[in-house]
> 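To start, I am sharing the structure in question, which I have written as C-alpha cells.
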Amino acid sequence: MIAKLDGEERALALRDLPEWAAVQEPDGIRRLFTFKDFTAAFGFMTQVALLAEKADHHPEWSNVYNRVDIILTTHDAGGLSRRDIDLAKQIDALL
Ligand SMILES: C[C@H](O)[C@H](O)[C@H]1CNC2=NC(N)=NC(=O)C2=N1
C-alpha cells in the first residue's frame, strides 16, 4: 500500500516542481499546459499516456484544443504520494 505524503515531504517534493500547484479536491498536484495547437497538445498527451501506462499510474486530465489540464493524485493512497511526484517529474522532462 502506497502512503500519502506528509506535510514536510510535500513541501520538499514541490520544491523540485515549481510549475505544479497543490490542490485539495482531490488531494494532489495540478499543472496547466498550453501548446501551439491541438496536434501539439495531443502529441504531448500521447507521450504522457505511455509514461502513465509504464508507471501504472494514471492522470486525471482534460484537454480543450491546445490546453491540457493535469491533476496527479493517488487513488490507492487517497491523496498525494511519491508516485505523483515521480510522474510529474517525468512529464516535466518531456517538455
Ligand atoms: C490496479 C492498478 O495497479 C491500480 O489501480 C493503479 C492504476 N493507476 C493508478 N493511478 C492513479 N493515479 N492512482 C492509483 O492509485 C492507481 N492505481
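Each ligand, and each atom within it, is numbered from 1 in the order the structure gives.
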> Testing the 3.5 Å rule here: is there a donor-acceptor pair between the side chains of Asp84 and His57?
yes

> Distance under 4.0 Å, heavy atoms only, partner ligand 1: which residues pass?
Asp56, His57, His58, Thr73, Thr74, His75, Asp76

> According to a 4.5 Å side-chain heavy-atom criterion applied to Ile, Leu, Val, Met, Phe, Trp and Tyr, with indirect links allowed, do Leu87 and Leu32 form part of one hydrophobic cluster?
no

> Going by the side-chain hydrogen bond (donor to acceptor under 3.5 Å, both in side chains) test, which pairs reach into residues 36-56, not counting sequence neighbours?
Glu53-His58

> Determine whether more than 12 heavy atoms belonging to other residues, nucleotides or ligands lie under 6.0 Å from atom CZ of Phe35.
yes

> Using a strict cut-off of less than 4.0 Å between a Lys/Arg side-chain nitrogen and an Asp/Glu carboxylate oxygen, indicate whether Arg10 and Asp27 qualify as a salt bridge.
yes

> Side chains of Asn66 and Thr34: do they bring a donor and an acceptor to under 3.5 Å?
no

